[in-house]
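Down below is the structure, laid out as structure tokens.
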Amino acid sequence: QVQLVQSGGGLVQPGESLRLSCEASGSILSIVVMGWYRQAPGKQRELVATITRGGSTNFASSVKGRFTISRDNAKNTVTVYLQMNRLKPEDTAVYYCNARWMAGTTAENSWGQGTQVTVSS
């Protein structure tokens with residue numbers, strides 16, 4: 001099992017920055033990829049960014065060049081950060097951390113509790 005705990009988020013003005021954190025614990029050696037998704041009101045959840053165990057990253061086109069994703073490996077935890085710069089009102093959403101991990105030969109997903117990001121003047 002992999003457990004995820006998110007922190008960060010809040011209300012900012014357009015053009016400002018925020019950083020989200022997600023700490024994974026449990027079977028962290030089984031994690032293949034971690035990432036961030038977001039869901040705006042009335043919309044489907046969408047991919048924001050991912051980072052693999054090897055450090056390869058992937059970004060949605062709407063955030064490329066503004067957001068970065070990184071990870072910090074500790075002894076018993078893995079923390080993934082989403083640095084969001086030059087935020088826009090359309091970035092407003094609930095952001096969810098995700099970990100995809102292997103339970104034997106079965107791929108599983110764990111989700112964080114979600115955190116609200118609001119970009120408004």
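Residues take their numbers from the sequence shown, with the count starting at 1. As the structure is a computational prediction, the values presented were derived from the model and not from experiment. All heavy atoms count here, side chains included; hydrogens, waters and symmetry mates do not.
- Side-chain atoms of Ser27 do not come within 3.5 Å of backbone N or O of Ser30 as any donor-acceptor pair.
- Side-chain contact between Glu46 and Tyr37: absent, with no pair of heavy atoms (C-beta onward) separated by less than 4.5 Å.
- When the shell of 6.0 Å around CZ of Arg100 is examined, it contains 12 or fewer heavy atoms from other residues, nucleotides or ligands.
- Residues Pro14 and Ser121 come closest through the heavy atom pair CD-N, 3.7 Å.
- Met84 belongs to a hydrophobic cluster with Val2, Leu4, Val12, Leu18, Leu20, Ile28, Ile31, Met34, Trp36, Val48, Ile51, Phe59, Val63, Phe67, Ile69, Val78, Val80, Leu82, Leu87, Tyr95, Trp101, Val117, Val119, counting contacts under 4.5 Å between side-chain heavy atoms of Ile, Leu, Val, Met, Phe, Trp and Tyr, direct or through other members.
- Each disulfide bond (SG atoms under 2.5 Å apart) pair with one or both residues in residues 74-121, not counting sequence neighbours, appears once here: Cys22-Cys97.
- Residues in residues 16-37 take part in no salt bridge (Lys or Arg N to Asp or Glu O under 4.0 Å) pair, two or more places apart or across chains.
- With hydrogens and angles ignored, the 3.5 Å screen pairs a side-chain donor or acceptor of Gln6 with a backbone N or O of Gly114.
- Listed by first and then second residue, the side-chain hydrogen bond (donor to acceptor under 3.5 Å, both in side chains) pairs involving residues 84-93 are Ser17-Asn85, Arg38-Asp91, Arg66-Asp91, Gln83-Asn85 (not counting sequence neighbours).
- Qualifying ring pair (Phe, Tyr, Trp, His ring centres under 6.0 Å) partners for Tyr81, counting only residues two or more places apart in sequence or in other chains: none.
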Residue pair Leu47, Asn58: steps toward the side chain to side chain contact (heavy atoms under 4.5 Å, CB included) verdict: CA-CA 9 Å; Leu47 170 74; Asn58 181 49; 3.6 Å; yes
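- Side chain of Thr115 to backbone of Gly8: a donor-acceptor contact under 3.5 angstrom is found.
- The shortest non-hydrogen separation linking Ala93 to Gln116 is O-NE2, 3.4 Å.
- Residues forming a side chain to side chain contact (heavy atoms under 4.5 Å, CB included) with Ser120 (at least two apart in sequence, or on another chain): Leu11, Thr118.
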